[in-house]
Number of protein chains: 2
Amino acid sequence: MNTHADPYIESDFTDRQGAVLEAALGLLVEGGEKAITTAGIARAANCSKESLYKWFGDRDGILAAMITYQASKVRVSARLGGPSQSAEAFRAELEVFANDLLTVLSGETSLALNRLAIGQGSREGSVLGNLLIERGRKTVRERAMVLLQSGQLAGVLRFDDRAAAFDTLYSLVVGDFHVRMLLGETVPALRDELARKEHVEQAINRFHLFYSKDHMN
Amino acid sequence: MNTHADPYIESDFTDRQGAVLEAALGLLVEGGEKAITTAGIARAANCSKESLYKWFGDRDGILAAMITYQASKVRVSARLGGPSQSAEAFRAELEVFANDLLTVLSGETSLALNRLAIGQGSREGSVLGNLLIERGRKTVRERAMVLLQSGQLAGVLRFDDRAAAFDTLYSLVVGDFHVRMLLGETVPALRDELARKEHVEQAINRFHLFYSKDHMN
DNA sequence: TGTGTACCGTACCGTTCGGTACTATGTCAA
DNA sequence: TTGACATAGTACCGAACGGTACGGTACACA
């Protein structure tokens with residue numbers, strides 16, 4: 001679900017290490033956390049357990065590396081089109097963002113990693129949870145913030161608290177779909193394309209109802 | 001618990017079994033899923049492992065029993081005040097509901113059980129996840145549905161799809177607080193009473209903006 | 001050619017855990 | 001009192017897992 005915007009945080013993983021983490025992610029997606037055994041990863045990735053411990057320290061290190069690796073892989077296309085846009089163009093951009101967000105969140109790998117972090121937490125200060133929030137959610141947030149900013153500059157939106165506006169947008173788009181998917185439910189509104197399109201449109205409509213200049217209450 | 005308790009609370013657990021499950025829940029809240037070992041439960045509850053297996057079958061049976069037990073304990077007070085209400089009274093009821101919802105979701109036990117179910121899922125068809133949705137979410141849903149129904153009958157609200165209205169209400173009230181708490185973050189808007197009150201009021205305001213008769217768009 | 005480095009594959013160790021078996025203790029009913 | 005039953009406590013077993021050690025191999029570099 002993630003990228004990292006921090007320029008000085010880079011995925012210092014070699015190709016081999018990346019391949020190993022890829023295999024580990026495959027195991028995770030298929031079998032959940034219990035499937036992530038050091039022996040299992042070594043077998044799936046054709047590497048030695050000794051290398052695993054040399055590269056990642058211990059099992060928890062492997063889990064953390066899986067998150068940062070996936071985050072570095074799913075880089076978000078910034079795609080910010082300057083501040084001069086029509087209301088329609090901006091609305092379309094918002095819809096694209098909402099769709100991307102739902103696509104990422106409903107992805108198998110994202111769900112598996114979130115389940116992993118949630119399952120581990122909050123034991124040990126929820127290291128994985130923090131990692132996931134830091135590397136995943138914050139980049140989505142930043143992309144959205146840029147988007148909202150440009151909407152404001154274009155005169156389409158109006159708000160005092162941009163962060164609050166983002167929270168609203170996120171709530172309207174995602175709702176409790178995320179938790180339900182994490183619990184194993186197949187959310188109907190996300191399965192077929194039509195229902196999903198309708199949902200996104202309604203969410204964006206309502207967002208505009210709150211924050212567009214025409215609809216201020 | 002079976003004896004001399006609330007007639008509303010029914011579960012097929014004896015007092016002793018309830019006490020054991022209580023101890024297990026304590027372990028879960030304190031130490032996460034890894035703390036739920038059969039030996040640990042037996043020690044904490046002063047019972048024998050043999051009794052655990054006799055009562056609950058196996059470890060997964062214990063986990064499932066913990067969920068159903070907790071669900072049977074937290075039964076929601078229906079408190080439905082008939083359909084003839086003023087708009088203000090109904091609004092107040094909605095706020096009470098929203099507050100109760102946030103209180104339940106941010107409770108340690110609820111969070112721990114959700115983490116447990118999510119961590120196990122979706123392996124094995126996510127039995128625990130279904131159980132949690134079935135026994136937990138649906139009761140909240142039904143209480144809200146009654147509430148919304150009475151709001152409609154009182155002429156305060158208007159909607160075609162009551163379920164969709166509930167989803168909206170849930171999204172506005174809970175937002176992504178739930179996932180963030182599950183990931184171990186302490187959500188600021190839920191910590192102090194003031195911010196929380198503001199959040200609930202805004203959520204209900206917006207809900208009315210969507211569904212009250214005066215604000216239809 | 002020799003030497004170091006990185007890695008694989010496997011064997012191994014100590015611990016933990018789920019699950020079972022057995023004994024001891026208490027309780028209730030006839 | 002006696003016998004049936006439920007449960008606590010403990011000991012035990014086999015499997016799985018995290019982590020370590022070691023031998024063998026390919027390759028780089030001098």
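Computed over heavy atoms, backbone and side chain alike; hydrogens, waters and symmetry mates excluded. Residue numbering restarts at 1 for every chain, and letters A, B, ... go by the order of the sequence lines. All figures in this text were calculated on a predicted structure; none of them were measured in a lab.
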Novice: First and last nucleotide of DNA chain D in contact with chain A, 5' to 3', at under 4.0 Å to a heavy atom: what are they?
Specialist: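 Range of nucleotides within reach of chain A: D/dC17 to D/dC22.
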Novice: Using a 6.0 Å cut-off, check whether atom CG of A/D15 has over 12 heavy atoms from anything other than its own residue.
Specialist: no
Novice: At under 4.0 Å between heavy atoms, what does A/I36 touch on the DNA or RNA strands: base, sugar-phosphate, or nothing?
Specialist: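 Answer is sugar-phosphate: A/I36 comes under 4.0 Å of backbone atoms only.
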Novice: Please work out which of the three classes, parallel, tilted or perpendicular, describes the rings of B/H199 and B/F177, given edges at 30° and 60°.
Specialist: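 Answer is tilted, since the angle falls between 30° and 60°.
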Novice: Quick check on A/E201: does its CD atom have over 12 non-hydrogen neighbours (other residues, nucleotides or ligands) under 6.0 Å away?
Specialist: yes
Novice: Please give me every residue in residues 15-27 of chain A whose heavy atoms get under 4.0 Å of an atom in DNA chain C, ordered by residue number.
Specialist: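 Contacts with DNA chain C under 4.0 Å: A/R16.
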Novice: Which residues satisfy the salt bridge (Lys or Arg N to Asp or Glu O under 4.0 Å) test with B/K138, sequence neighbours excluded?
Specialist: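 B/K138 satisfies salt bridge (Lys or Arg N to Asp or Glu O under 4.0 Å) with B/E134 only.
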Novice: State whether a side-chain donor-acceptor pair under 3.5 Å links B/Y69 with B/E22.
Specialist: yes
Novice: Side-chain contact test, heavy atoms from C-beta onward, threshold under 4.5 Å: evaluate it for A/T14 versus A/R16 and give yes or no.
Specialist: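 The answer is yes; the side chains approach within 4.5 Å.
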Novice: For A/T103 and A/R196, test the side chains for any donor-to-acceptor distance below 3.5 angstrom and give the result as yes or no.
Specialist: yes
Novice: Do we get B/R143 above B/F97's six-membered ring, with its NZ or CZ under 6.0 Å from the centre and within 45° of the axis?
Specialist: no
Novice: Listed in order of residue number, which residues of residues 39-50 of chain B have a non-hydrogen atom at under 4.0 Å from DNA chain D?
Specialist: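 Of all residues in residues 39-50 of chain B, the ones placing a heavy atom under 4.0 Å from DNA chain D are B/N46, B/C47, B/S48, B/E50.
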Novice: Using the side-chain hydrogen bond (donor to acceptor under 3.5 Å, both in side chains) rule, collect all pairs that involve residues 36-50 of chain A, keeping only residues at least two apart or in two chains.
Specialist: A/S48-A/S51
Novice: Using the heavy-atom set of chain A and a strict 4.0 Å cut-off, write down the first and last nucleotide of DNA chain C that makes it in, 5' to 3'.
Specialist: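 Nucleotide range with atoms under 4.0 Å of chain A: C/dC7 to C/dG9.
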Novice: May I ask you to decide if the ring planes of A/F210 and B/F210 are parallel, tilted or perpendicular, using 30° and 60° as cut-offs?
Specialist: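 Ring orientation, 0 to 90° scale: tilted.
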Novice: Answer yes or no: does atom CZ of B/R137 have more than 12 heavy-atom neighbours from other residues, nucleotides or ligands under 6.0 Å?
Specialist: yes
Novice: Taking all heavy atoms of B/A44 and all of B/L27, pick out the closest pair and write down the distance.
Specialist: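 The pair with the smallest heavy-atom distance is CB-CD1, 4.1 Å.
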